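Everything below concerns the one structure shown next.
Not measured: the values here are computed from a predicted model. Scope of the values below: all heavy atoms of this structure, side chains included, with no hydrogens, waters or symmetry mates.
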Amino acid sequence: MTYEEAVKKCRDAGQEHVLKYYEELTKEEKEALLTQIGETDFTVTAMIKDKEAATRKGKIEPLTCLQLAQIEQEKEQFLKTGTQAIREGKVGAVLLAGGMGTRLGSEDPKGMYNIGLTKDVFIFQRLIENLMDVVRQTDTWIPLYVMTSDKNHEATTAFFEEKEYFGYCRDQVFFFRQEMAPASDYEGKVYLEAKNKISTSPNGNGGWFSSMAKWGILDKVHEAGVEWLNVFAVDNVLQRIADPCFVGAVLEKNCAVGAKVVKKSAPDEKVGVMCLEDKRPSIVEYYELTDELMNTKDENGDPAYNFGVILNYLFSVSQLEAIMAKKLPLHIVEKKIPYLDETGQLVKPEVPNGYKFEQLVLDMIRELPSCLPYEVVREKEFAPIKNKSGVDSVESARELCRKNGIGL
Ligand code: UTP
């Protein structure tokens, strides 16, 4: 993009300030800035004017969950079907590791965090160890697609190299970057994080499938004959990945997607809950759960919205391809965004100072015809690390690892 084109694009978008330092820049820095302006979609900031649009909900109704007792009854068949699908190479895993982990507050990618006490136990290592259980059980390598972002790609790939993929087959690990979105102040003016760089952040956990397509990873999925992708978050150190019983249940029940869920610890626990929205599978976030919904009971007298999602989904690849052309809505998230102040100094704010724009996995689910919520035992499969201490923290995850006999 030429300077003149950049001026026009920025002026039209009300973002001329991003060229404020242009004259001070070196030739290379100027080029970098012009390229970034060319690639940036400033229109996302327009959503700030209609913040409610993305969160507007349809009619919410309960979605029946496959609970532990039912799973136990059909376990044999589920295991058989799931194991066969894995052995036939139909199942791949997608590790969502593009997030910034701001609450944990480490400069490194979250997966590099060491939760060990007497030895090194990195989060990435825990996940690979869990996946290895299934590799051994099925005698099959499961392709692992790892989503990073511009902010952590080099550090993540170098770490896997350094640690020799924690014993995983390196030919079966594929990295790809997720797309970035600009970050802005509350009025929608994008921030600068350097004199030649607009402040950007990863565009949310819903961008993984389009990013896979963009970087040619989807071609590899097809080449390998993978038909199902198990998407999971980096921060749950008890995460069971490519779990044969879960895979089998989703296949047997003929659903487009399966979602692992846990029974909520309290009615107002801060987790999203599976539901139907205008008769389609969806997730109602904890802050959208009205008292009326919270108190609704099912036919057994149990809370009807009782199962929280843990960011572990099994998606049908063909079903995702069928909805790929649909643009996912963007959600506005208030965050702390480092920025250049009036004097050109970088400031790292202590409190939120603007918005990031994110796509979410839940909006992919809403586009699909059917979803199977599948209950797992909370203490065995859910130990998320979001914070340094307290709820969902390094401390609570360590305690859960200990209870599951995992040496740290
Ligand atoms: P979170 O929503 O907990 O966000 O991510 P985060 O970035 O890890 O942490 P905070 O909110 O800044 O403290 C849930 C999962 O989605 C991935 C994360 O890596 C994590 O596995 N994620 C999130 C992405 O891959 N990309 C994103 O843009 C956001």
Quick check against the 3.5 Å criterion: does Q125 have a side-chain atom that pairs as donor or acceptor with the backbone of F122? yes
Is there a side-chain contact between V361 and V309, using heavy atoms and a 4.5 Å cut-off? no
Near-ring test Y186/Y355, centroid separation under 6.0 angstrom: yes
Is R280 reaching over with its side chain to a backbone N or O of R366, donor-acceptor style, under 3.5 angstrom? yes
Would you say H17's side chain and V190's backbone share a donor-acceptor pair under 3.5 angstrom? yes
Any donor-acceptor pair under 3.5 Å from N312 side chain to R240 backbone: yes
I'd like to know if the side chain of E39 and the backbone of Q36 have a donor-acceptor N/O pair within less than 3.5 Å. no
Would you say the side-chain atoms of Q319 pair up with the backbone N or O of C255, donor to acceptor, closer than 3.5 Å? no
Row check, F307 ring normal vs K264 NZ/CZ: under 6.0 Å, within 45°: no
Electrostatic pair K260:D243 at N-O distance under 4.0 angstrom: yes
With a 6.0 Å cut-off (strictly less than), is the heavy-atom count around NZ of K197, excluding the residue itself, greater than 12? yes
Donor-acceptor pair, distance only, cut-off 3.5 Å: does the side chain of E334 make one with the backbone of G354? no
